[in-house]
Amino acid sequence: MQRQVRTRFAPSPTGYMHVGNLRTALYEYLVAKSHDGKFILRIEDTDQERLVEGAVDVIYNTLKLCGMQHDEGPDIGGPYAPYVQSERKNLYKPFAEELVKKGHAYYCFCTRERLDALRTEAEAKNQTFMYDRHCLKLSRAEIDEKLKSGVPYVIRQKMPREGSTTFEDAVYGSIAVENNMLEDQILLKSDGLPTYNFANVIDDHLMDITHVVRGSEYLSSTPKYNLLYEAFGWEIPVYIHLPLIVKPDGSKISKRKGDATFEDLLKMGYLVEAVINFIALLGWSPDSNQEIFSLAELEKAFNIKNISKSPSSFDMDKLKWFNAQHIRAMSPERFHDLALPYLTESITNKDIDLRKVSRILQARTEVLTDIPSKVGFFDELCDYDLNIYVHKKMKTTFENSLSSLKEALPVLDAIDDWNETAIHDSLMSLIERLGIKNGQMLWPVRTAITGWEVTPGGALEIADILGKTETIRRIKIGIERLENALSASR
RNA sequence: GGCCCCAUGGUCAAGAGGUUAAGACACGGCCCUUUCAAGGCCGUAACGGGGGUUCGAGUCCCCCUGGGGUCACCA
């Protein structure tokens, strides 16, 4: 019996969720769920200078919205509580001290000033700065003395000087790094809190995390973590480093550069499930050619071996397509619920049946925010350029448009039970009787009742939605305007 | 710059030595059609370069080039 798979999403509360982070969360969730494992949420807030109010709620909301319910976390507790690093603050120091005793770490009393000076100096010489191990040379007595007199200190990891460290990654394979490239990184900060680099190892071990999933930007610091696990004699987790999601220009998606966050995408009219579907396929591909996935389907299809190594770029066109696919696939009821707030932005006329508008819109909507600009003509008929009556392919002119409208008027007026079928039947038999092409009747009618060159839906659907009175009124306006134009030109 | 990673059409990507090098987005065309969509059909378009290994290389090795990541008392 193997250990139960446990993954963890360990964001720092920054107040927003960018898509790279969200994808990491998704893959962590999928790795766990595809193995019947547990998905844990842990908040990494050891940077006291970057605390953001309400930021943790953003994380909860996002996971909830996406349907990636965590099995353990700060809000719901669990056997490894607490799940917030700042609430675990007292737990890390003894581990750091243990490392000092074992000779894998040491106290460092260097001031920031000294470090900064060293760094500046190195930069001036165009060298890579690396801590000079100044405090490693301190004697036992000197250390005790400084400790006793309360000199601020940090604890640094002592890296081996020789040899190399190798680690295995489930997607990148075996990676080796020369130990002399590893800096004696800080484990415990002078405020007593651990750095991410330390806390993450301690917590992953304490919380029994079996698979560490994170972005490939952590690849280069992973050897240091391995050394830590080894120093403690702990079992090393499976590492799953994910290729980066980059922008179309190839650069990293970064916070603070105005790149769209998950929240932004929702505001832009994208669906949660479309975003999830899209990012699931950025860096992973299924065994089949299937492209449209629900979260539940992803849980079944996901596997670690199909994660790719190369970075992929976030293509809004493709996202838009996924969004359109999900919109088309949903029930008319759900689409209507989603569309409603956008519809009411440009339709205030209470006589318009918004449910019917939704129906003609569903196949024509790629993002929800497209909606308001598509339906304004329902609300009121604006002034329009008469030239739109003239359509080459429909073979329409001012003259035959006018005559079609005049013919249509009494026929429509005669309909008692105004509905799409009745309108259809009346107009179609009229067309047959007149012996003209459908377009020669329907194009002018649609033009007259909308005033727009392009509309969602055709003459019949729109006439039905507008209602008899309004349809007739608009056709009369069309007739009048066309007559005026024709008599003026004579 | 040091170290690490990556490299198939514009984009996402299949491909695990022998394929006419899938599929999708975007783009173009055609069909359907009362506009626009949706849908259907068709098309343009790729293995970065050079050396090896092999009967045979997109697939394996090396070099180059290009791109990215990382070098904090941030995570």
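All values below were derived from every heavy atom in this structure, side-chain atoms included, with hydrogens, water molecules and symmetry-related copies excluded. Numbers restart at 1 for each chain; the letters A, B, ... are given by sequence-line order, proteins then strands.
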Shortest side-chain distance from A:Lys393, nucleotide among B:U34, B:U33, B:U11: B:U33
Touch class at under 4.0 angstrom, heavy-atom based, for A:Ala199 against every strand present: nothing
Sugar-phosphate, base or nothing in reach of A:Ser312, heavy atoms under 4.0 Å: sugar-phosphate
Under 3.5 Å on both distances, the Watson-Crick or G-U partner of B:C27: B:G43
Per A:Ser190 side chain, nearest of listed nucleotides B:U70, B:C73, B:G39: B:C73
A:Lys468, NZ: over 12 other non-hydrogen atoms inside 6.0 angstrom: yes
Side-chain-base donor-acceptor pair under 3.5 Å for A:Lys318 and B:A26: no
Touch class at under 4.0 angstrom, heavy-atom based, for A:Phe314 against every strand present: nothing
Presence of A:Arg119 side-chain N/O under 4.0 Å of B:C71 phosphate oxygens OP1/OP2: no
Given B:C73, B:A75, B:C71, the nucleotide with the shortest approach to the side chain of A:Tyr218: B:A75
Nearest to side-chain heavy atoms of A:Trp321, which nucleotide of B:A75, B:C36, B:A26: B:A26
Sugar-phosphate only, base, or nothing, as touched by A:Leu460 at under 4.0 Å among non-hydrogen atoms: base
Touch class at under 4.0 angstrom, heavy-atom based, for A:Gly457 against every strand present: base
Distance under 6.0 Å and angle within 45° of ring axis: A:Arg133 vs A:Tyr106: no
Sugar-phosphate, base or nothing in reach of A:Thr195, heavy atoms under 4.0 Å: sugar-phosphate
Under 3.5 Å donor-acceptor pair, A:Ser220 side-chain atoms to B:G69 base atoms: no
Heavy atoms from other residues, nucleotides or ligands near NE2 of A:His205 exceed 12 (cutoff 6.0 Å): yes
A:Ser426 side-chain N/O to A:Val411 backbone N/O, donor-acceptor pair under 3.5 Å: no
Sugar-phosphate, base or nothing in reach of A:Lys252, heavy atoms under 4.0 Å: sugar-phosphate
Between A:Thr397 and A:Asn400, a side-chain donor and acceptor under 3.5 Å: yes
More than 12 heavy atoms of other groups within 6.0 Å of A:Lys89 NZ: no
Pairing partner of B:G2 (Watson-Crick or G-U wobble, both distances under 3.5 Å): B:U70
B:C25 to B:A37 separation - P atoms, rounded to the nearest Å: 16 Å
A:Ser285 side-chain proximity, nearest of B:A13, B:C73, B:U35: B:A13
Touch class at under 4.0 angstrom, heavy-atom based, for A:Met130 against every strand present: nothing
Touch class at under 4.0 angstrom, heavy-atom based, for A:Asn438 against every strand present: sugar-phosphate
Opposite nucleotide pairing with B:A22, Watson-Crick or G-U, both atom distances under 3.5 Å: none
Below 4.0 Å: OP1/OP2 of B:A72 and any side-chain N or O of A:Lys189: no
Nearest-angstrom distance from the residue atom CD1 of A:Ile360 to C1' of B:U35: 12 Å
Given B:C71, B:A75, B:A13, the nucleotide with the shortest approach to the side chain of A:Ser12: B:A75
Out of B:A37, B:C3, B:C73, whichever nucleotide has its closest atom nearest the side chain of A:Leu115: B:C73
Proximity to the side chain of A:Val177 - top-ranked nucleotide from B:C12, B:U35, B:C3: B:C3
Watson-Crick/G-U partner (both atom distances under 3.5 Å) of B:C36: none
A:Tyr384/A:Phe377 aromatic ring centres below 6.0 Å: no
Complementary nucleotide for B:U54 - Watson-Crick or wobble, under 3.5 Å: none
Sugar-phosphate, base or nothing in reach of A:Ser310, heavy atoms under 4.0 Å: sugar-phosphate
Nearest listed nucleotide, side chain of A:Met394, among B:U34, B:C71, B:G39: B:U34
Nucleotide opposite B:G9 in a Watson-Crick or G-U pair, distances under 3.5 Å: none
Sugar-phosphate, base or nothing in reach of A:Asn197, heavy atoms under 4.0 Å: base
